[in-house]
Each structure stands twice: as structure tokens, then as C-alpha cells.
Amino acid sequence: MRFLGVAAPFLVVGALWEIVAQSGVFPPRLFPPLEEIAATFARLTAAGILPHHAALTLWRLAAGFAIAALAGVLLGIAMGRSRRAEAFLLPLVSIGAPVPGLAYAPLFLLWFGLGDSGSIVLVGFVALFPVVLNTWTEVKAVKEIWLRAAQTMGADDRRLFRHVILPGAAPYILTGLRLGLAQAWRILVAVEMLAAVPWGLGWLIFGAREFLNTDAMLAGIAMIGILGLALENLVFRPIERYTVVRWGMIAA
């Protein structure tokens with residue numbers, strides 16, 4: 001039953017897609033049926049093309065997101081715990097966060113050059129903002145009664161942070177990391193589409209567009225979705241289960 005519950009949305013979307021594909025509203029070359037998309041996905045995977053693109057995209061994503069996660073959490077905690085840090089950093093974050101990631105792309109590619117370096121730094125910079133904002137918000141929002149209770153029991157600053165502030169802020173920190181990862185995906189695929197780097201899923205999708213290979217484009221999009229789902233279930237869910245769920249901060 002649980003499998004059916006998870007599969008139901010995909011089955012509904014797949015059925016709707018197939019109905020539109022078979023209706024003739026769009027030419028088959030522009031709106032291929034699922035069978036053709038699956039065949040292209042399997043062919044590109046067997047040839048090693050799709051895994052190669054996916055591996056390079058994942059490498060850039062992991063490197064850029066690691067920068068954002070580490071710097072974002074540290075800066076958010078500093079802002080939440082220090083009024084001076086908050087007064088200095090919050091205006092900068094407030095100005096930088098609303099700017100679309102693509103607006104930064106030309107500058108970063110000029111500063112750091114085409115290739116992996118510019119893309120990784122750009123991904124880290126764009127993904128940084130949601131991590132900082134969510135971490136800062138929840139560190140400041142930790143209940144005062146928890147802090148006073150811990151201090152009454154003799155907790156010093158180190159234990160207060162480790163046993164009260166960090167567990168209390170962890171759900172929002174994880175939310176910020178999820179949002180940061182989503183931002184990282186968007187800007188990375190967009191930069192790869194700009195041909196700033198050789199290879200990558202964005203490069204594959206944009207290159208397929210030039211030749212109207214819609215099935216290859218959709219295969220690349222499907223791979224992005226599969227990788228996103230895998231990261232959620234293999235990375236974030238275990239972290240959540242062994243931290244905030246275990247600590248009783250959210251329900252399992």
C-alpha cells in the first residue's frame with residue numbers, strides 16, 4: 001500500500017502525459033510518448049553518456065553545495081548568537097538573497113573563468129542565502145525557557161549550544177539546506193546550459209534542444225529528478241532521522 005501511495009502521483013502524471021502525446025496536439029518529435037523517452041534514457045545510460053554527464057554535474061553540485069552548507073550554517077549561527085554579526089551581515093544577506101542566481105552568473109564567470117571553478121563558486125554563493133537565513137531565523141527563535149532551564153542546571157555556553165541551541169535549530173537548518181540544494185540545482189543546470197562548462201546534464205539538455213532531440217532533453221530532465229529524489233532519500237532523510245527525529249524535535 002505504501003508503494004502504491006508513493007507511485008500514484010507518478011502514475012497519474014505519466015497517464016496524462018501519454019494521453020497528450022497520443023492525442024496529436026503536439027508533433028511526436030516535440031512531445032514524444034513515454035516509451036520513446038524510456039528507450040532513449042536506457043540507450044544513453046547503456047552507452048555511458050548519461051552517467052558521464054550526471055557524474056560531472058553531481059561533482060560540481062557537491063563541491064558548490066558543500067561550500068554553501070558549511071559557510072551558511074556558520075554564518076547563520078554567528079548572526080543568531082551575536083548582535084554585532086547580525087547587524088553587519090543581515091543587510092548584505094538581505095540585499096543579495098533576492099537577486100536571481102543567473103544575474104550573478106556573468107560576473108562569476110568573468111571573475112573565476114569558464115569551467116568548473118567559476119561554476120562551483122557560483123553554486124556555493126547562490127545556495128548560501130537560504131541556508132544562512134533559515135539557520136539565523138531558528139537560532140534566534142530557540143525558546144527562551146529552554147535556555148533558562150539549561151542555565152539553571154549549570155550548562156555553560158558550550159553545552160548550551162550543543163544540547164539546546166543546535167537541536168532546537170536543527171529542523172530549520174535542514175530546511176535551509178534543502179532549499180539551498182534546490183537553488184544549487186537550478187543555477188548549476190542553468191550555467192551548464194550557458195556552455196560555461198563542458199559536459200553536464202544542463203549541457204546535454206541544451207545541446208539536445210539544438211537538434212530537436214526532445215526525447216534526449218526529457219531523459220536529462222528525468223535524470224535530474226532521479227538524482228534529486230536519491231539525494232533526498234539517501235542523504236537528507238537519514239540525517240533527519242538520526243538528528244531531529246531522534247531528538248524528538250519533529251515526528252517520524
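Residue indices begin at 1 and follow the sequence shown. Computed from heavy atoms alone, side chains included, the values below leave out hydrogens, waters and symmetry copies.
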Enquirer: Quick one: do V126 and V93 end up in the same hydrophobic cluster if we chain Ile, Leu, Val, Met, Phe, Trp and Tyr together by side-chain heavy atoms under 4.5 Å apart?
Expert: yes
Enquirer: Please report the interatomic distance CG(L61) to CG(L181), rounded to the nearest 0.5 Å.
Expert: 5.5 Å
Enquirer: Hey, is the main chain of D215 close enough, under 3.5 Å, to the side chain of T40 for a donor-acceptor pair?
Expert: no
Enquirer: Atom CG in L89, atom CH2 in W136: separation rounded to 0.5 Å?
Expert: 11.0 Å
Enquirer: How far apart are the closest heavy atoms of A127 and Q183, and which atoms are they?
Expert: CA-CB, 4.3 Å
Enquirer: Apply side chain to side chain contact (heavy atoms under 4.5 Å, CB included) to L227 and W185, showing your working.
Expert: CA-CA 10 Å; L227 292 175; W185 266 117; 3.9 Å; yes
Enquirer: Quick one: closest heavy-atom pair of L133 and T137, and the distance?
Expert: O-OG1, 2.7 Å
Enquirer: If you group Ile, Leu, Val, Met, Phe, Trp and Tyr by side-chain heavy-atom gaps below 4.5 Å, do L74 and L177 land in one group?
Expert: no
Enquirer: Indicate the ring-plane relationship of H52 and W199, choosing parallel, tilted or perpendicular according to the 30° and 60° boundaries.
Expert: perpendicular
Enquirer: Quick one: are L231 and F65 in side-chain contact, heavy atoms under 4.5 Å?
Expert: no
Enquirer: Looking at G176 and V131, what are the two nearest heavy atoms and their distance?
Expert: O-CG2, 3.5 Å
Enquirer: Any idea which heavy atoms bring P238 and V235 closest together, and the distance?
Expert: CD-O, 3.3 Å
Enquirer: Going from CD on E18 to CZ on F31, what distance comes out if it is rounded to the nearest 0.5 angstrom?
Expert: 9.5 Å
Enquirer: Between the main-chain N or O of V20 and the side-chain N or O of S23, is there a donor-acceptor pair closer than 3.5 Å?
Expert: yes
Enquirer: Can you run down the salt bridge (Lys or Arg N to Asp or Glu O under 4.0 Å) pairs that involve residues 168-179, sequence neighbours left out, and say none if there aren't any?
Expert: R178-E232, R178-E240
Enquirer: Determine yes or no for a side-chain-to-main-chain donor-acceptor pair under 3.5 angstrom, with T57 supplying the side chain and G200 the backbone.
Expert: no
Enquirer: Looking only at heavy atoms, what is the nearest atom pair of L179 and P130, with distance?
Expert: CB-CB, 3.8 Å
Enquirer: Is F129 atom CZ crowded by more than 12 heavy atoms from other residues, nucleotides or ligands, each under 6.0 Å away?
Expert: yes
Enquirer: Following the transitive rule for hydrophobic clusters with a side-chain heavy-atom cut-off under 4.5 Å over Ile, Leu, Val, Met, Phe, Trp and Tyr, establish whether V25 and L34 coincide in one cluster.
Expert: yes
Enquirer: Between W111 and F108, how do the two ring planes meet: parallel, tilted or perpendicular, split at 30° and 60°?
Expert: tilted
Enquirer: Begin with the C-alpha distance, continue with both residues' side-chain angles, and end with the deciding distance and a verdict on side chain to side chain contact (heavy atoms under 4.5 Å, CB included) for I120 and W59.
Expert: CA-CA 9 Å; I120 289 170; W59 146 243; 3.9 Å; yes
Enquirer: For residues M193 and L201: do they belong to one hydrophobic cluster (side chain heavy atoms under 4.5 Å, members Ile, Leu, Val, Met, Phe, Trp, Tyr)?
Expert: yes
Enquirer: Considering non-hydrogen atoms only, spot the tightest contact between I205 and M217 and give its length.
Expert: O-CG, 3.5 Å
Enquirer: Let me confirm one number: the OG1-CG distance from T175 to N134, rounded to the nearest 0.5 Å.
Expert: 6.0 Å
Enquirer: Run the numbers on F41 and I226 for side chain to side chain contact (heavy atoms under 4.5 Å, CB included), then give the verdict.
Expert: CA-CA 12 Å; F41 187 95; I226 291 169; 3.8 Å; yes
Enquirer: Establish whether I77 and L70 are linked, either directly or via other cluster members, by ILVMFWY side-chain heavy-atom contacts under 4.5 Å.
Expert: no
Enquirer: How long is the straight-line distance from CE of M79 back to CG of L92, given to the nearest 0.5 Å?
Expert: 9.0 Å
Enquirer: How long is the gap from CD1 on I187 to CG on L122, to the nearest 0.5 Å?
Expert: 4.5 Å
Enquirer: Checking Y104 side chain against G96 main chain: does a donor-acceptor pair fall under 3.5 Å?
Expert: yes
Enquirer: Give me the other members of the hydrophobic cluster that L16 sits in, counting Ile, Leu, Val, Met, Phe, Trp and Tyr linked by side-chain heavy atoms under 4.5 Å, directly or via other members.
Expert: V12
Enquirer: Taking the side chain as C-beta and beyond, is there a heavy-atom pair between V191 and V123 under 4.5 Å?
Expert: no
Enquirer: Determine, step by step, whether R60 and E192 satisfy the side chain to side chain contact (heavy atoms under 4.5 Å, CB included) criterion, reporting the C-alpha distance in whole Å, the side-chain angles of both residues, the deciding distance to 0.1 Å, and the verdict.
Expert: CA-CA 10 Å; R60 295 169 188 140; E192 289 180 343; 2.9 Å; yes
